[in-house]
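What follows is one structure encoded as structure tokens, with my remarks underneath.
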Amino acid sequence: MQYALRIGGRTRQVVLRRAGQGWHVTVDGSSFDVHAAVVDGARLSLVVGDGAGAGRSVPAVVVPGREADALDVAVNGTTVAVQVASPERSRRRGGAAGDDTGPQRITAPMPGKVVRVLVAPGDTVAAKQGLVVVEAMKMENELRATRPGRVTTVAVAEGQSVDAGAVLAVVE
Amino acid sequence: MQYALRIGGRTRQVVLRRAGQGWHVTVDGSSFDVHAAVVDGARLSLVVGDGAGAGRSVPAVVVPGREADALDVAVNGTTVAVQVASPERSRRRGGAAGDDTGPQRITAPMPGKVVRVLVAPGDTVAAKQGLVVVEAMKMENELRATRPGRVTTVAVAEGQSVDAGAVLAVVE
Amino acid sequence: MPVTKVLIANRGEIAVRVIRACRDMGIATVAVYSECDRTARHVRMADEAYPIGPNPPRESYLRIDALIAVARASGADAVHPGYGFLAENEDFAAACRDAGLTFIGPSPEVIEQMGSKTAARQAAMAAGMPVVPGTTTPLGADVPDAEVRRIAESIGYPLMLKAVSGGGGKGMRVVNGPEDLSGALRAARSEAGSAFGDSAVYLERRLLRPRHIEVQLLADHHGTVIPFVERECSIQRRHQKVIEESPSLAVSPDLRRRLTSAAASVAARVGYTNAGTIECLLDEDGSFYFLEMNTRLQVEHPVTEMVSGVDLVQWQIRIARGERLTIDPEAALTPRAHAIECRIYAEDPDNQFLPSPGRILRLQAPQGPGVRDDSGATEGLAVPIFYDPMISKLIAWADDRPQAIARMRRALREYEVHGIKTTIPFFRWALDDADFLAGRFDTAFIDRTLAERGGAPFDQPAADDETLAAIAAALHLALGGGTAPAVGVTPAVSAWRQQARVEALR
Amino acid sequence: MPVTKVLIANRGEIAVRVIRACRDMGIATVAVYSECDRTARHVRMADEAYPIGPNPPRESYLRIDALIAVARASGADAVHPGYGFLAENEDFAAACRDAGLTFIGPSPEVIEQMGSKTAARQAAMAAGMPVVPGTTTPLGADVPDAEVRRIAESIGYPLMLKAVSGGGGKGMRVVNGPEDLSGALRAARSEAGSAFGDSAVYLERRLLRPRHIEVQLLADHHGTVIPFVERECSIQRRHQKVIEESPSLAVSPDLRRRLTSAAASVAARVGYTNAGTIECLLDEDGSFYFLEMNTRLQVEHPVTEMVSGVDLVQWQIRIARGERLTIDPEAALTPRAHAIECRIYAEDPDNQFLPSPGRILRLQAPQGPGVRDDSGATEGLAVPIFYDPMISKLIAWADDRPQAIARMRRALREYEVHGIKTTIPFFRWALDDADFLAGRFDTAFIDRTLAERGGAPFDQPAADDETLAAIAAALHLALGGGTAPAVGVTPAVSAWRQQARVEALR
């Protein structure tokens, strides 16, 4: 079995092959002998060592991520976002917010309610200037421009509920 | 919806009818207004009162029982064995162990290994006389006759593994 | 006054905490819930449950009329407000008293007096406790910006802009210079108005590197006030505490004596009863200043419980019943080892600690010696967006601070919360930070840390972790685990499907 | 002696407990496991894991060669034996020493001496501690029944028949009269032989209504022996403790002084080191008798940890490292409030406490103030039939005994274990029993209770509970929940299906 997994901006090729009681695993060419056991639908117990169950104990919790075909994998006290790569998926991923060039797409970091819109299309804004205030969990969070520019779109109105990731405004 | 549920040797007729946000429930003719919410596949939250969610809070955990069509229902700190009754099931249930008359069927209370058989068919045994010793979880458990009688069947041999409920011996 | 059945006018972990105290004392409990809290832990744990309205707090947990009606309907004879929501609302305390209910907290009069931060500062001064220089009267919504600017200049920058009726860091802003004032004033007034129904603010000189130190008190109806060993609460983000400990490394036995007796004097002077906390700033030179009094149980009360062995919530109930305090005052001021608390929030520490609500797909709390987890969450339930995103408080106790920190590290490593982001990665970082370990910090610790790190994530997988994650993900997929919740194999999914079915049946 | 990486030669909750202590101290851990324990909690928690054989203990957890091999392979420099299995096996302790490993426990010589119950009795007598009248030399398998019968008559009935190498109630039988002797002898020898590899037994006078009281000790390599406040362990079934508490209602400060100093004398006399426990019988007239010494950590050690604030497992490691005990002896003998422990077994209290193994379909442990749960179980895992059926120890701590009991009741009510039978219903009954509450009990409490109840179940649903269960069952079915695991909706089921798939892939 072979999987292309995108982690931290880089795609890894993972090849699994049954070997005795365990698995012979290569990740981008590096080899590991792993014994794997399912604890429940999300919990795996890995023993990385001789493939027969002796070695480093790595409990892993694997749950669906927020995006399609994404997994959040918790190992060793950290959570790693894994995108299961496939051709369709790669196309869908273009144009994410937060690029250093091009238009700034200001998105809601969490679901909430727009309590105040501080700018209108056509406004010129400075870096760090507040654009939209979203309330969630009793806190007001002012979302700001990262760089100076001109507001081209305000996509929400005061009082509107927004989902996480929803575009609030675009600054060019 | 209607269910015939066997609890503590008695069958109850439970009728469920949606009523507003909740349920109107009758158990053998007694009425209850219940608001029910699923927490997960085994956990229910019931509020027994006005049917609209106000009243006594009854968290319930419902898991499959050991027998077919059985449920173990934990409510109020106790666990109630519930048999979902149907015509086929009723027939299957005859002749349980532990009756006060008729043959005594000595059954394994837990899975384990038979370490010693103390009687042979034809033996006369006194009340409380040991018949078979089953080891489970490092403890040897001597299973005894409840009343005096004659051993008609020894169904197991030393060294044999047995499941919970397996008949070990019959004394008449 | 009788306390035989307590209505808990709150939700989340504090509702669970109060239910446990009541149950330890054989007292019946009544929970209330908003729509999204129908299956919440406090609802399932309580003896009775009553719906009080839609999700927004103003339509449920802040509705005094609905709460009093539930008390009547359920036959409750007492009300515990928890913290937040109506815990420091004198109208609610008065409404309970008027309805013949025992309010488990101080009198409405004291709540009102100490609830006004400006009146509280006056009370502290009258009791001889120093206060931070600042305005002594509230600045209402009608005070123009120019007037506020004039007052600000007379106090001097940097300063703090705070809600008169504030609490929990809401309606609070740092103002470093005149250019920040208008924006901060607008934000603070708006937050204060929406959180407390009062948009008045006041100004206070901002100490440069203060520690936030506070004194827990219990006061009975017979004139006894017991102060406890101080709590160190300087580790804050957005003016909300995230790590608390007791005792403080910065407080000597002599300072403890002076600080706690000053705090007790303030409580005694205003006729305080029940549990309360005097919050102070401790300056680098060892001087301390009254900041405000919280007229309720604090989030961080378990830290004091661990180092004193006293159950503060049970004492709240006993005091409300009219019992006399029988705690040895000397013992209360002698720390029994060391305790530390980490507040586990559904927040993303790598995205400015913004809330990260969602469904908890896997949850396993740490256990074992010296570890306590006060949680309001359960696996499979969603963290709603409407309320404070704290899901649990993890407390570690051990002989001394290094051992308590080591135990907390172990407990954080055991803690499994998956499906949402939490502050756990931040704590794992902080508990290894040299400044934190040496006790070199003040209230700006996190802000400085965030600035210094320049966006470097706290939850930064090492190359080795990424490789292990790749292996785990591949094996998960190979062994039949999917990626999509809708067709996945997690138990929460069956719950969702079932819930959908329930909805369809309605 | 270095302790930087500990191999834990055990499983279940005690392996988890030792991992936690190591982690609190920054020490690496190595777990071992039999086939059925591959996904057990201790395996997942440890830093490293090694398989040591098939499920029967003799083929895995009792294999000294396999354990030493794992220590070598993993680079562990120390071994913690836990309790049970090889914890009191002098050959194992010696094998560790020979392999250059630090054995976290006493020397093989002391284990051997105190492991022989008859030699231990002689040591106690030499130290001036009274012993129960009985045989002073072992009765091997070759001693004929008639000879044993003769000795029994010289001591007098009723008497106890005990394994010389016994422990944990195994190989122990009550003999009320000559007619019971042969059966009891056969059973005790067989159990002792299979559990300890030594079928020798001895006889002891049976006191009529004794309490089982024990003294926890720590002893370092520098001659210091610290005894702790006694534990009360009279609530037993099949000679195994199920409820323990500290302090005992039956022990006055004066008796505590005499009892603990006698216990410390025995330990000092034999050159004892590390953690150990002197078990005693306390007669109705206040006289106490040495019963045996357990040369290892006890199951019930958390009770002492809660009332002393001392982490016994961490001290075991520190003593093994050669550190000096720094615990204040007076503090160790001054109870800090009250603690009580209930052992949660996978047993059916309504079927003679027979084991009830199986899969745990739902598990939620209680939390909050004053509650500690030391558990080896996790949801979805099976309790294997091969080992001790204890899945967890629940400990409650509070100001005094009534409050500790009230808190334990609350914790038991919070405890959700479904899919298997447990002893929880028995504890719920016991904690409401008038005799237990008044402290009127001895070691025959449960046996008498069972006889008096004549089969009345502890887990007896009231009519109201049956009606609620019927409603819950019907709604469960109506809302899509099934009855059969194979097509059910429980999360464990997906795990089963997945496991099946894993098996199929192999």
Side-chain angles (χ1 to χ4, degrees), chain C residues 13 16-17 19-26 45 302 305-306 309-314 336-337 364-375 378-380 392 395-399 403 406-407 409-411 413-414 478-481 488-495 497-499 501-502 505, chain D residues 13 16-17 19-26 45 302 305-306 309-314 336-337 364-375 378-380 392 395-399 403 406-407 409-411 413-414 478-481 488-495 497-499 501-502 505:
Chain C
E13 73 84 19
V16 169
R17 171 70 186 92
I19 290 170
R20 286 187 172 129
C22 289
R23 206 151 273 170
D24 285 351
M25 300 174 77
M45 276 183 77
E305 293 187 323
M306 298 303 277
V310 167
D311 188 314
L312 292 169
V313 183
Q314 289 196 32
R336 201 190 61 153
Q364 179 147 331
Q367 294 177 313
V371 172
R372 168 175 166 187
D373 184 54
D374 273 27
S375 173
T378 49
E379 190 171 283
S392 136
I395 304 105
W397 177 89
D399 276 356
Q403 290 185 64
R407 190 164 263 171
R409 262 193 224 113
R410 182 264 289 176
R413 181 167 165 183
E414 277 186 36
L479 297 174
V489 293
T490 61
V493 170
S494 347
R497 273 196 303 238
Q498 285 212 322
Q499 192 61 49
R501 196 157 171 172
V502 175
L505 281 167
Chain D
E13 73 84 20
V16 170
R17 172 71 186 89
I19 291 171
R20 287 188 172 128
C22 290
R23 205 150 276 173
D24 285 351
M25 299 174 77
M45 273 183 79
E305 293 187 323
M306 299 302 276
V310 168
D311 189 313
L312 292 168
V313 183
Q314 289 196 32
R336 201 191 60 150
Q364 178 147 332
Q367 296 176 313
V371 171
R372 168 175 166 187
D373 184 54
D374 273 26
S375 173
T378 49
E379 189 172 285
S392 134
I395 304 105
W397 177 88
D399 276 356
Q403 289 185 66
R407 190 164 263 171
R409 261 193 226 115
R410 183 263 290 176
R413 180 165 166 185
E414 276 185 37
L479 297 174
V489 291
T490 63
V493 170
S494 347
R497 273 197 304 236
Q498 285 212 320
Q499 191 61 50
R501 197 159 170 171
V502 175
L505 280 169

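Owing to the predicted nature of the structure, the values given are computational and were not obtained by experimental measurement. Labels below follow one simple rule: chain letters A, B, ... track the order of the sequence lines, proteins then strands, and each chain is numbered from 1.
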inquiry  = Can you tell me which of D:D24, D:T378, D:V16, D:D399 forms the most heavy-atom pairs within a distance under 4.5 Å of chain C?
reply    =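 Option with the greatest count: D:D24.
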query = Pick from D:R407, D:R20, D:R23: which one has the most heavy-atom pairs with chain C under 4.5 Å?
reply = D:R20
inquiry  = My understanding is that only residues two or more places apart in sequence, or in another chain, count here; which of them pass salt bridge (Lys or Arg N to Asp or Glu O under 4.0 Å) with C:E305?
reply    = C:R17, C:R372
query = At their closest point, which heavy atom of D:D374 faces which heavy atom of C:G368, and how far apart are they?
reply = OD1-CA, 3.6 Å
key: Portion of D:R409 that has a non-hydrogen atom of chain C nearer than 4.5 angstrom   = neither
inquiry  = Using heavy-atom distances under 4.5 Å, tell me whether D:E414 contacts chain C through its side chain, its backbone, both, or neither.
reply    =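 For D:E414, the side chain is the part near chain C, not the backbone.
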query = Who passes side chain to side chain contact (heavy atoms under 4.5 Å, CB included) against D:A365, sequence neighbours left out?
reply = C:Q367, D:D373, D:Y415
request  = Using a cut-off of under 4.5 Å on heavy-atom pairs, state which of C:R413, C:Q403, C:Q364 scores highest against chain D.
outcome  = C:R413
request  = Select, from C:A337, C:P302, C:G309, C:A396, the one with the greatest count of heavy-atom pairs under 4.5 Å involving chain D.
outcome  =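 Heavy-atom pair counts peak at C:G309.
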